[in-house]
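Everything below concerns the one structure shown next.
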Amino acid sequence: MIQALRGTRDILPEEVGYWQLIEATVREILGRAVYQEIRAPIFEQTALFERGIGEATDVVGKEMYTFKSKGGSKSITLRPEGTAGVVRAYIQNKLNAQGGVQRLWYTGPMFRYERPQAGRQRQFHQVGLELIGCSAPRADAEVIALATDILKALNLKNLELAINSVGNGSDRANYREALVNYLEPYKEDLDEDSKDRLTRNPLRILDSKDPKTQEIAQNAPKIIDSLGTESKKHFDTVLQLLTDLDIKYQIDHCLVRGLDYYTHTAFEIKSNDLGAQATVCGGGRYDGLVKELGGADTQAVGWAIGMERLVILLQKLSSSQPVNSPDLYIVSRGGAAEAQSLLLAQKLRSAGLGGELDLSGSAFGKQFKRADRSGAVACLVLGDAEAENKTANLKWLASGEQKAIAQSSLLEMTDELKAKISELKNS
RNA sequence: GCGGGCGUAGCCAAGUGGUUAAGGCAGUGGUUUGUGGUACCACCAUUCGCGGGUUCAACUCCCGUCGUCCGCCCCA
């Protein structure tokens, strides 16, 4: 049997309701804030990610699905994240020429070659947003507020917002030096990965999970102490705005993001209910990326939410997914009745009434049993007698009450039926 | 890429060297050939992820492989 590749999976009907709920919520909340959806390609030139995300990062260094285009020498990569592609689209389509800021959002699959575990797939899905063309702290706060709005609208609990500032380029260079100076004497006590990172990417040593490394990192100089006046002011303002918005946060001095493009504000929203893959939303400011990718000097801020992780939380914490039960269940038996039931079902549907047609042709008793299981509140019953008279029995399943109605008049009373059905469904 | 746990039907599972592979849910048929939600009856794995090996005998032990889960790593 051919099976789905490792790290990919099917999202089955029993789960898809959660996905639709998340998508609808995102669409509504971001729509209200006048963010517009953008759909960028799933594969791009490899150079986009190398330059955008940074060649030293793990994502680019060892996790990308990269291949040569057919017959060509161009190197192509399945997108491992969404921001680089959106920024590329922003530059290429000269969205800056429209003036002001661009508020964009996207959703879709991303690809990283990783060892799968719960909440971590090789093909995974994100919804993300980018606010491009604004350097003000208010932009950072808006974006964070929208993320918390979405999560709140989904009734998710036990979430924590962690925030930090990684400053601008020169702040980071200063901090990097201070950090390396501090860590150098402890070099032998660091875990293997961290030793390696000391020269390659020292900031990432801060969020190592090795206990000894953590202990050493505990007393390391803090990045906010290396921030210049402007950077510090930006960060303080963002924090003040969050307080004004009544959004709770925790400053995490060890929070540094894994992608090179981040500047200033960096944040993560984590859940206690997800094990090791705790981050549901991650983002921050990326003031240098647009220029790095060939655009004008343009500041921006954004985030991405991991869909699979949200779905896990919804399944774990909230009740059942929204179900789609039919308005009517249509029972029929006998040649003429079965033929008429199909026509009737089609006509009712075009009149706006949902119906599930029982195709089995089995005994009435069996069909009623299925009607109960389907969650329908009412049945239409067609047998030989009804077929002959062009009627159908409308039966209310809860009370058992039923009466014969001409098929033609059924079509005229769809509004009335709909009202009664939705009343019964909600009771 | 590293370390570890697990893999019996659509789902939840019992069985842990001896041959008919429990049970429950779901499903199908019937009691009830035109009226359901209950009840009862019957059916529903020639086979235990897959491939090798050990053994008189393997779901059970060994090796490999695939998948999944947990941790590291990474990150959403």
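Source: prediction; values computed, not measured. Lettering follows sequence order; numbering is per chain, from 1.
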Quiz item: Given that both distances must come in under 3.5 Å, which nucleotide forms a Watson-Crick or G-U wobble pair with B:U54?
Solution: none
Quiz prompt | Nearest-angstrom distance, P atom, B:U32 to B:G18 | solution = 46 Å
Practice problem: Ignoring hydrogens and angles, state whether a donor on the side chain of A:Q126 or A:E81 is under 3.5 Å from an acceptor on the partner side chain. | Solution: no
Quiz item: Does any pair with a residue in residues 270-289 of chain A pass ring pair (Phe, Tyr, Trp, His ring centres under 6.0 Å), and if so which ones, sequence neighbours excluded?
Solution: A:Y261-A:Y286
Exercise. May I have all residue pairs that pass side chain to side chain donor-acceptor pair (under 3.5 Å) and include part of residues 360-370 of chain A, sequence neighbours excluded?
Key: A:D358-A:S360, A:D358-A:R370, A:S360-A:S362, A:S360-A:R370, A:S362-A:R370
Quiz item: What residues, two or more places apart in sequence or in another chain, satisfy side-chain contact (heavy atoms from CB on, under 4.5 Å) together with A:L30?
Solution: A:V26, A:Y35, A:W105, A:L129, A:L146, A:I150
Quiz item: Which residues pass the side-chain contact (heavy atoms from CB on, under 4.5 Å) test with A:N174, sequence neighbours left out?
Solution: none
Distance-only donor-acceptor pairs under 3.5 Å for side chains of residues 399-408 of chain A, two or more places apart:
residue, atom, partner, partner atom, Å
A:S399, OG, A:E401, N, 3.2
A:Q407, NE2, A:Q340, OE1, 2.8
A:Q407, NE2, A:T391, O, 3.1

Exercise. List for me each residue that meets side-chain contact (heavy atoms from CB on, under 4.5 Å) alongside A:K62, sequence neighbours excluded, and say none if there are none.
Key: A:D58
Quiz item: Distance between the C1' atoms of B:A21 and B:A9, in whole angstroms?
Solution: 11 Å
Quiz item: Quick one: ring pair (Phe, Tyr, Trp, His ring centres under 6.0 Å) pairs with a partner in residues 118-138 of chain A, sequence neighbours left out?
Solution: A:W19-A:H125
Exercise. Go along nucleotides 32-43 of chain B 5' to 3' and tag each nucleotide: B for a protein heavy atom under 4.0 Å from its base, S when only backbone or sugar atoms are that close, - otherwise.
Key: -SBBBB------
Self-check item: Inter-nucleotide C1' distance (B:U28, B:C44), Å rounded
Solution: 8 Å
Quiz item: Which whole-number value in Å describes the distance from A:Y113 OH to B:C2 C1'?
Solution: 14 Å
Quiz item: Expressed as a whole number of Å, how far does the P atom of B:G27 sit from that of B:G49?
Solution: 26 Å
Tabulate atom names and distances for all N/O pairs under 3.5 angstrom spanning the protein and nucleotides 5-11 of chain B.
none

Quiz prompt | Pairwise P distance for B:U16 and B:C72, with rounding to whole Å | solution = 36 Å
Quiz item: Using atom P of each nucleotide, how far apart are B:C73 and B:C2 to the nearest Å?
Solution: 16 Å
Exercise. Would you mind checking if A:E23 and A:R27 are paired as a salt bridge, meaning a charged N to carboxylate O distance below 4.0 Å?
Key: no
Practice problem: Classify the side-chain pair A:H264/A:D140 by whether it contains a donor and acceptor separated by less than 3.5 Å. | Solution: no
Exercise. Can you tell me, in whole Å, how much space there is between the P of B:G17 and that of B:C6?
Key: 16 Å
Quiz prompt | Pairing nucleotide - B:C48, Watson-Crick or G-U, each distance under 3.5 Å | solution = none
Self-check item: Any residue meeting side-chain contact (heavy atoms from CB on, under 4.5 Å) with A:R88, in chain and number order, not counting sequence neighbours
Solution: A:P41, A:E44, A:L48, A:Q92
Exercise. Kindly state each residue pair satisfying salt bridge (Lys or Arg N to Asp or Glu O under 4.0 Å) with at least one member in residues 326-342 of chain A, sequence neighbours excluded.
Key: A:D327-A:K425
Self-check item: Spacing of the P atoms in B:G37 and B:U31 (rounded, Å)
Solution: 14 Å
Exercise. Please determine, for B:U68, whether a Watson-Crick or G-U wobble partner exists with both distances under 3.5 Å, and give it or none.
Key: B:G5
Quiz item: Quick one: what's the B/S/- string for nucleotides 71-76 of chain B, heavy-atom cutoff under 4.0 Å, read 5' to 3'?
Solution: BBBBBB
Exercise. Quick one: look up who B:U31 pairs with, Watson-Crick or G-U, both distances under 3.5 Å, and put none if it's unpaired.
Key: B:A39
